[in-house]
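Below: one structure, written as structure tokens.
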Amino acid sequence: MKIRPDLRVARVEDLDATILREMNVRGLLLDVDETLLASGATAVDATVEAWVTSLRGAGLHLALVSNGRPSRVDFVSRTLAIPGTALTGKPFPRAYLRAAHRFGVPMDTIAMVGDQLFTDVLGARWAGLRTVLVDPRSDGGLLHTRLLRHVEKRLLRDAPHGRTAWRT
Ligand SMILES: [Mg+2]
């Protein structure tokens with residue numbers, strides 16, 4: 001089985017409005033930890049703040065969809081002025097669909113952006129959304145996350161950064 005995101009980029013900042021327009025993406029659901037900031041980080045990089053500002057300027061709908069704690073998600077939500085939901089229960093489709101419906105645009109014009117192949121990409125794919133996989137922002141994380149990274153690396157070994165065809 002091949003598990004592929006629609007697009008693979010090194011960092012969220014690489015995901016500019018031009019690429020999103022070419023993909024006909026009008027809204028982004030954003031994972032928080034290791035996607036927008038390292039899981040141990042207590043501040044959001046200025047580059048990420050600038051990226052959010054530019055996408056907002058381009059008219060993109062944005063929401064945070066995280067399995068993280070409410071206090072963590074609230075902090076990032078306030079910093080970036082993006083509505084956020086914590087403890088969403090990814091990879092179950094309801095986690096993405098609740099936030100996606102609020103955008104009021106077709107589901108296939110919304111992309112989930114995250115660092116985990118199973119929770120962020122596979123789950124969103126099940127929900128009928130587009131998917132973008134980013135490299136994790138740090139090497140840290142929980143033990144089970146680190147173990148999953150090895151599995152993800154194997155599954156993605158022939159999928160370089162850039163557009164990837166979804167195949168199963
Ligand atoms: Mg994450």
Side-chain angles (χ1 to χ4, degrees), residues 3-16 19-20 25 27-52 55 60-100 103 110-157 159-162 164 166:
I3 301 173
R4 293 283 183 274
D6 293 298
L7 176 70
R8 220 185 147 195
V9 292
R11 314 180 306 160
V12 284
E13 296 96 309
D14 298 332
L15 201 54
D16 63 33
I19 298 172
L20 295 172
V25 167
L28 296 179
L29 301 180
L30 302 167
D31 171 54
V32 172
D33 281 316
E34 297 301 338
T35 296
L36 295 177
L37 72 174
S39 51
T42 54
V44 178
D45 288 349
T47 53
V48 172
E49 292 199 41
W51 173 73
V52 165
L55 290 195
L60 268 291
H61 299 276
L62 302 170
L64 308 180
V65 174
S66 170
N67 284 351
R69 288 176 288 110
S71 58
R72 176 77 172 160
V73 177
D74 283 352
F75 154 68
V76 179
S77 175
R78 275 186 278 108
T79 303
L80 295 174
I82 299 174
T85 315
L87 303 169
T88 53
K90 291 182 290 185
F92 295 101
R94 200 174 72 162
Y96 317 93
L97 295 177
R98 268 194 190 162
F103 289 168
I110 298 172
M112 175 71 207
V113 183
D115 65 294
Q116 292 200 41
L117 196 55
F118 297 100
T119 50
D120 297 314
V121 171
L122 196 56
R125 186 75 194 178
W126 286 336
L129 303 174
R130 313 286 290 285
T131 55
V132 179
L133 183 70
V134 300
D135 293 344
R137 291 186 91 88
S138 78
D139 295 329
L142 302 169
L143 179 62
H144 77 264
T145 307
R146 295 207 303 271
L147 291 174
L148 270 178
R149 298 272 183 231
H150 289 288
V151 179
E152 289 173 342
K153 266 187 194 150
R154 286 192 65 84
L155 289 168
L156 290 165
R157 65 187 180 279
H161 290 147
T164 62
W166 178 274

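As the structure lists them, so they are numbered: ligands from 1, and atoms in each ligand from 1.
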Roughly how far apart are Leu64 CG and Leu28 CG, rounded to 0.5 Å?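 One gets 11.0 Å once the value is rounded to the nearest 0.5 Å.
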Quiz prompt | Atom pair CG (Asp74) and OG1 (Thr79), whose distance is rounded to the nearest 0.5 Å | solution =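 The distance works out to 10.0 Å.
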* Asked: Should the pair Asp135-Arg149 be classified as a salt bridge under the 4.0 Å nitrogen-to-oxygen rule?
  -> no
**Q.** Salt-bridge criterion met for Arg137 and Asp33 (N-O under 4.0 Å)
**A.** no
For the Mg ion (ligand 1) the protein N, O or S atom count under 2.8 Å stands at 3
Does Leu117 reach the side chain of Leu122, with side-chain heavy atoms less than 4.5 Å apart? no
Side-chain (Glu49) to main-chain (Leu80) donor-acceptor, under 3.5 angstrom
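Judged by distance alone, no pair lies under 3.5 Å.
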